[in-house]
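Predicted, not measured: the structure shown is a model, and the values here were computed from it. Just so you know, ligand 1 is whichever comes first in the structure, and atom 1 is the first atom listed for that ligand. Atom set for the values below is all heavy atoms of this structure, side chains included, hydrogens, waters and symmetry mates excluded.
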Amino acid sequence: MIPTETRYNPSAMSEQIPDEGQDSGISVQESEPKLRRPPLFKVLLLNDDYTPMEFVVQVLETFFAMSKEKAVQIMLHVHTRGAGVCGVFTREIAETKVTQVNDYSRSHQHPLMCTMEEA
Ligand code: TYC
């Protein structure tokens, strides 16, 4: 005969050493989650007096995957307000967009400027 205390008895589990879930009064400082969201960056287009409107629209369609309608809307915003946001990206993507747009503009002899700033 196995002594009563040593037999497997699921209903007796709650009588064992209490853990935190049993309102034991024991508390453990849990560590903060390790993951952090990366910083985000706005990519901006700046207005100038020389770049053709149609070129700016083409840039927005090509490098920021905008519809023609959205690209015209953003281009006109930049034209009237001086600057506008083309998109928000992580640092490396934003840097790549800025370089691509500025290289493309220069290769077409346009002064169009693309920059970035932390969102
Ligand atoms: N201002 C330019 C013009 O009148 C058009 C333009 C719009 C240029 C947006 C740059 O980011 C820009 N031709």
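For ligand 1, the protein residues placed under 4.0 Å by at least one non-hydrogen atom are Leu46, Asn47, Asp48, Thr51, Met53, Val56, Met75, Val78, His79, Leu112.
Sorted by first and then second residue, the ring pair (Phe, Tyr, Trp, His ring centres under 6.0 Å) pairs involving residues 79-119 (not counting sequence neighbours) are Phe55-Tyr104, Phe55-His108, Phe55-His110, Phe63-Tyr104, Tyr104-His108.
Criterion: ILVMFWY side-chain heavy atoms under 4.5 Å apart, direct or through other members. Under it, Val98 and Phe64 are part of a common hydrophobic cluster.
Side chains of Val78 and Leu44 form no contact here, defined as non-hydrogen atoms less than 4.5 Å apart. Looking at heavy atoms from C-beta onward, Leu112 lies in side-chain contact with Val59 at the 4.5 angstrom threshold.
Under the 4.0 Å criterion applied to side-chain N and carboxylate O atoms, Arg91 and Glu117 are not assigned as salt-bridge partners.
There is a side-chain donor-acceptor pair under 3.5 Å between Asp48 and Thr51.
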